[in-house]
Amino acid sequence: MSEATTTRAEAEAPARSEDEERAEHAGTLDVQPTPRASTFASRAATWLRTHAVDWVLVLVLAGAYLGWLLSTVHDLGYARDEGFYFQAADRYLKWFEQLAEDPSGAIKQSSVDRYWTVNHEHPALIKSLFALAHWLTYDRWRLFDEPGTSYRVVGMLLSCMAVALTYLWARRALASYGVLVSRAAGVVAAGGLALMPRVFYHAHLDCFDMPVAAMWLLTTYVYWLSLSKKGIAWPLLTGVLYGLLLNTKHNSWLLPFALVAHLLFVRGFELLGALRTRRFGEALRLIPTSLWFMASVGPLVFYATWPWIWFDTFERLRQYVIFHTRHVYYNMEFLGQTYFEPPFPRSYAPLMTLATVPAVTLALGCAGFGMALLAVGKRCAPRWSALRNRQWSAALAPAAHDDDAADLAGKDLDTKALWALCILVSYAPWLSSGSPIFGGTKHWITAYPFLTMFGAVAFVKVVRSARDALSNSAARPLTRGPIIELLLCASVLIAPFAITAHSHPWGLSAYTPVVGGSPGAATLGLNRSFWGYTTGAVQDEINELAKRRAKVFVHDTAIASWRMMSRDKRLRKDLRPQLSPAGSHLGVYHHEQHMSRVEHQIWIDYGTVKPSFVAGPDGVPVVWLYERPSKSKSSDDTAKPKTRAKAKARAEAKANANDGDAGDSSD
């Protein structure tokens, strides 16, 4: 029976409870019909009928996102940290070359310390992938014209993996609602993640933020699968992946809190009952095998894949932990005030989420999250009531399901509880006023895939409500086939797509219409930009305005990041970067509230308050270019008329020039 026919039959059938429908469809992805002939061809045909469309969608989603990222990377400047990671990757690559030529020499401490000391405050996995990707895609295959892109492609690929996994998990978790609905919900979840402006920005970078979100999602997804799979393969894979997650970024330290809390939610009363009656063997068996592998195999994989900690292991790990738990504080503007040190506002994380996640994505995610919390409360209420009344046997008895529908509903709630705990744990550090805010939304980026999967849950409810409403009206023909799913899917994703496309290349300056976009955020005093990456947005103007062999004050752009843009041939090779305005011919100023003194230094040193070029999103000034005036007024008036005209024309074409007094950094 075709999907369209199935949908018509469902619409015309007598009303049934949701649990009955879900029980009927349970296991759409996992339970396959037994082939009449146990031949490879019949099994392959069965697999294709069930999975082919899903994997085609996965490839389309991931491929489209990768193509979009690659097509927009050229004018996105390099953030400060990227410059340091380029240097680290190049050093690590030399070690890999030595490892290939002289393995015994490469693993000696002298060699490891020589190459791995660089940027040892961060784990090695992603930087190692940066190095290998550069070697393969640029040095050997020349897939990219710009060497910087060859490093960045690792983050892009892992971001695409996150988008694909979000689709697969949402599709599988919601399979009991039917094929069409769950596929549309999966697309909504994946699209919701991909079409967040901040996610889109970070997905381009040679950094760890989207990689750690992708690895967190992958590890959690495999952990979830391991709970329903037999054997040790899936639990062992969970342990290996957690080791790789540990070697990605320190966010990995938080994941066990979510998984242990999930264990307590799913089996906590049974564990308590077993411990209370001293059935310790049963209590140990209630702990998933995956957690044991994460605790044992995970650290071993972490150790094996980070050469820096092969020697003086405990001391170097201690330094690593101290670096991040006592991290230096950087400045960040929030609601018109720059915070230099604790206490930081606890409202930072929720307000920045509201201001940067498209409203429809956030609304659906919060709705799905809220529905899950209500279901959790309903499930736990009888046990808590029994505990209050000291009815121990009723409170601590193993969960029992009367039928398949109830069992399915229980497993479904367990899945949503896991998603919710991953969100809560990702945001939890910012309940403290001591947690730094200098990195913006990237700190809790690991929560976003789970938020969009909750959005898929709410989307399913919307689809079902729409079908119910239309099936009893003159618009009943719309309920045939996937028309409703397609229309609602498009309605949910079109606004996030428009917002995200409009945000480039000003990702960290992008805000949603909820706060009035970038202009509204500037008025509220939300940070306009940081990390000095917006040099890429004015690279053509720099090339046009700068004289031959000009010294350029690069302000917040790291020298290594500038040099990569030069290697990319995005900036002229004759230009000489420096970190002081004194003696420079052209000055770049990246606006942040606490950096206004830098602009004052340029005014004094250059003897002018008038920039030659200003750019930013929607008329909000973000980056300034200052030229040192010529000694003679006449020569200054006639200098580079064509160049100035080109810069002015480009500014007008981009609609990014400031209409007001660009020299006033308080705008």
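Here, residue 1 is the first one in the sequence, and each next residue gets the next number.
Side-chain contact between Pro197 and Ile499 is present, with heavy atoms from C-beta onward closer than 4.5 Å. Here the side chains of His590 and Val622 are not in contact, with every heavy-atom distance at 4.5 Å or above. Contact annotation: the side chain of Cys380 approaches that of Val376 to within less than 4.5 Å [non-hydrogen atoms, C-beta and beyond]. Counting heavy atoms from C-beta outward, Tyr221 and Leu168 have side chains that approach closer than 4.5 Å. Residues Phe302 and Leu244 form no side-chain contact, since every pair of their non-hydrogen atoms from C-beta on lies 4.5 Å or further apart. With a 4.5 Å cut-off on side-chain heavy atoms, Tyr348 and Leu335 do not count as touching. Between Leu364 and Val492 the shortest side-chain heavy-atom distance falls below 4.5 Å. Side-chain contact between Leu418 and Thr415: absent, with no pair of heavy atoms (C-beta onward) separated by less than 4.5 Å.
A donor-acceptor contact under 3.5 angstrom links the side chains of Tyr626 and Trp603, judged on distance only. A donor atom on one side chain and an acceptor atom on the other are found under 3.5 Å apart for Thr446 and Ser426. Side-chain polar atoms of His204 and Thr72 form a donor-acceptor pair below 3.5 angstrom. Judged purely by distance below 3.5 Å, without hydrogens or angles, the side chains of His502 and Asp618 pair a donor atom with an acceptor atom. Checked by atom type, the side-chain pair Tyr78/Asp568 shows a donor-acceptor distance below 3.5 Å.
A donor-acceptor pair under 3.5 Å links the side-chain atoms of Asn247 to the main chain of Ala124, judged by distance alone. Formation of a donor-acceptor pair under 3.5 Å by the His443 side chain with backbone atoms of Gly439 is found in this model. Side chain of Tyr92 to main chain of Val118: a donor-acceptor pair is present (N/O by atom type, distance under 3.5 Å, no hydrogens or angles). The closest donor-acceptor contact from the side chain of Thr305 to the backbone of Val301 lies under 3.5 Å. Side chain of Ser252 to main chain of Thr248: no donor-acceptor pair is present (N/O by atom type, distance under 3.5 Å, no hydrogens or angles). When atom types are taken as modelled, the side chain of Glu599 and the backbone of Ser596 share no donor-acceptor pair closer than 3.5 angstrom. With Ser518 contributing its side chain and Ser509 its backbone, the two residues share a donor-acceptor pair below 3.5 Å. The backbone N or O of Ala355 sits less than 3.5 Å from a side-chain atom of Thr512, completing a donor-acceptor pair.
Note that the OG1 atom of Thr535 and the CG atom of Asp556 stand 8.5 Å from one another [nearest 0.5 Å]. The distance from the NZ atom of Lys442 to the CZ atom of Phe208 is 9.5 Å, given to the nearest 0.5 Å. In this structure, CD1 in Ile445 is found 6.0 Å from CG in Asp209, a value given to the nearest 0.5 Å. The distance from the CE atom of Met565 to the CZ atom of Arg570 is 4.5 Å, given to the nearest 0.5 Å. Here the straight-line distance linking atom CZ of Arg80 with atom OG1 of Thr557 works out to 8.0 Å at 0.5 Å rounding. Note that CH2 of Trp216 is 7.0 Å distant from CG of Asn251, once rounded to the nearest 0.5 Å.
Using cut-offs of 30° and 60° on the angle between ring planes, the pair Trp419 and Trp169 is perpendicular. Ring geometry for His324 versus His327: interplanar angle of 30 to 60°, hence tilted.
Under a cut-off of 6.0 angstrom, the local environment of CD1 in Ile494 is sparse, with at most 12 non-hydrogen atoms contributed by other residues, nucleotides or ligands. Within a 6.0 Å sphere centred on CZ of Arg563, heavy atoms belonging to other residues, nucleotides or ligands number 12 at most. Atom CZ of Phe257 has 12 or fewer neighbouring heavy atoms from other residues, nucleotides or ligands inside a 6.0 Å radius.
Shown here for Phe454 and Ala372, the closest heavy-atom pair between the two residues is CE2-CB, 3.5 Å. The two residues Cys422 and Thr220 come nearest to each other via the heavy atoms SG-CG2, 3.9 Å. Residues Leu246 and Pro123 share a closest heavy-atom pair of O-CG, 3.8 Å. Residues Ala190 and Leu61 come closest through the heavy atom pair CB-CD1, 4.0 Å. The shortest heavy-atom contact between Gln539 and Asp75 is NE2-CA, 3.9 Å. Of all non-hydrogen atoms in Pro505 and Tyr533, the two that sit nearest each other are O-CE1, 3.4 Å.
Tested against Tyr329, the residues Phe344, Tyr339, Phe438 include a single ring pair (Phe, Tyr, Trp, His ring centres under 6.0 Å) partner, Phe344. Each of Glu592, Gln593, Glu333 was compared with Thr338 under the side-chain hydrogen bond (donor to acceptor under 3.5 Å, both in side chains) criterion, and only Gln593 meets it.
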Between Trp68 and Thr500, is a side chain to side chain contact (heavy atoms under 4.5 Å, CB included) present by the stated rule, with each step listed?
-> CA-CA 11 Å; Trp68 194 18; Thr500 302; 3.8 Å; yes
Run the side chain to side chain contact (heavy atoms under 4.5 Å, CB included) check on Thr361 and Val188 step by step: do they pass?
-> CA-CA 9 Å; Thr361 304; Val188 166; over 6 Å; no
Test side chain to side chain contact (heavy atoms under 4.5 Å, CB included) on Val187 and Leu493 and set out the steps.
-> CA-CA 9 Å; Val187 170; Leu493 296 179; 4.1 Å; yes
Starting from the C-alpha separation in whole Å, work towards a yes-or-no answer on side chain to side chain contact (heavy atoms under 4.5 Å, CB included) for Tyr589 and Ile602.
-> CA-CA 9 Å; Tyr589 170 67; Ile602 296 175; 4.1 Å; yes
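Figure legend: cation-pi geometry between Arg198 and Tyr511, with NZ or CZ positioned under 6.0 Å from the six-membered ring centre and within 45° of its axis. A cation-pi arrangement is absent between Arg152 and Tyr85 under the rule of less than 6.0 angstrom and at most 45 degrees off the ring axis. The cationic group of Arg346 does not satisfy the cation-pi geometry with Trp430, failing either the under 6.0 Å distance to the six-membered ring centre or the 45° limit from the ring axis.
Salt bridge absent: Asp206 and Lys127 never bring a charged side-chain N and a carboxylate O closer than 4.0 Å.
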